[in-house]
Amino acid sequence: MSFKKIHFLTGCVVVTLLLTACEGLFSGLYDNDKLTEQEQEMAAAAAGRLYVDASDWEKWYYLDIQELRDSVNALKEKDSTAVYTYRWKEYDIPMERTEASDTPTGIYTYWYDVFGAGISVNERRDFYPTIEQPMPERWSIAVHRNNVRTNGASVYETGYTSIADLPGGKDAFTDCTFIEDQWSEKDVWVVQGQMLSGLIGNQGIKINPVLSQWLLVSIPPMPPQFTLNNHVFILRLNDGTYAALQLENYLNSAGKKCCLTINYKYPL
């Protein structure tokens, strides 16, 4: 396990990233660029903004938003020159075959009609079990490229495109319909070796179908089309507190995809 560091300095977010290369078949899905110092400064524009390079197909990146809040509060009590470090926690997706078990955890291989009708046309071809996905003891959300999962939370998509425009307080959302994570075996693309044949290995895992809508990947066309949904999403944590999340950008300054700039507010 390794860490991606986010430094909070005088109310700003300064990003220090240990980037991993992402390579593969389709130019629209894979890039090898590194984050520039100028981009780090752009990502550090203000408190309430986070950045993570989530482009690696084989990793989940975890954030504890309550720990993030505590970090920011602690910073405010310190001298203006104080530095506090918050870490996105990085965990590999298990892909080694294990003995058969009664759980559905594992790698599901699907054939997708990527060169024809598109990924909506698909067939399950294979499955093998793995160990369960490792994760930190405390976390709120995890991101993998365009996928998002939560730790027992649920999500509601608002029509707002600015967190500043949200109605005050969490009570504004108590009557809204929040959606919990749901099982998926076709969305978390992991194994790329047979993509020329349309075969992709996917991790079987629960993801949040609402929050994962903040970045959509469409095939056709080729190369794939990425569509950003800039609506504000409300995250209801399992302790009853609420957070606002908004994907502001999915590109870095070099055009590398799945590099996520996230606006947030916690608590509401």
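Keep in mind that the numbers below use all heavy atoms, side chains included, and drop hydrogens, waters and symmetry copies.
- Checked by atom type, the side-chain pair Asn230/Thr161 shows no donor-acceptor distance below 3.5 Å.
- The cluster map of Ile, Leu, Val, Met, Phe, Trp and Tyr, joined by side-chain heavy atoms under 4.5 Å apart, puts Phe233 and Leu216 in different clusters.
- Using a 4.5 Å cut-off between side-chain heavy atoms of Ile, Leu, Val, Met, Phe, Trp and Tyr, with links allowed through other members, Leu68 and Leu268 fall into different hydrophobic clusters.
- Remark: Arg69 fails to qualify as a cation-pi partner of Tyr266 under the 6.0 Å distance and 45° angle criteria applied to the six-membered ring.
- Residues Glu58 and Asp92 have side chains not in contact (no heavy-atom distance under 4.5 Å, counting atoms from C-beta outward).
- Between Tyr112 and Trp189, the distance from one ring center to the other falls under 6.0 angstrom.
- Trp183 and Glu185 share a side-chain donor-acceptor pair at under 3.5 Å.
- Ring-centre distance between Phe173 and Tyr242: not below the 6.0 Å cut-off.
- No hydrogens or angles considered: nothing links the side chains of Asn208 and Gln213 as a donor-acceptor pair under 3.5 Å.
- Two residues are said to be in side-chain contact when any heavy atoms from C-beta on lie closer than 4.5 Å; Gln203 and Pro94 meet this criterion.
- Between the side chains of Arg149 and Tyr62, at least one donor N or O lies within less than 3.5 Å of an accepting N or O.
- Checked by atom type, the side-chain pair Glu67/Trp139 shows no donor-acceptor distance below 3.5 Å.
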**OP:** Apply the test side-chain contact (heavy atoms from CB on, under 4.5 Å) to residues Val190 and Ile200: give CA-CA distance (whole Å), side-chain angles for both, the deciding distance (0.1 Å), then the verdict.
**Re:** CA-CA 7 Å; Val190 179; Ile200 300 172; over 6 Å; no
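- Of the charged side-chain nitrogens involved, at least one lies within less than 4.0 Å of a carboxylate oxygen, so that Asp53 and Lys256 count as a salt-bridged pair.
- Under a 3.5 Å cut-off, the side chain of Thr158 and the backbone N or O of Tyr160 do form a donor-acceptor pair.
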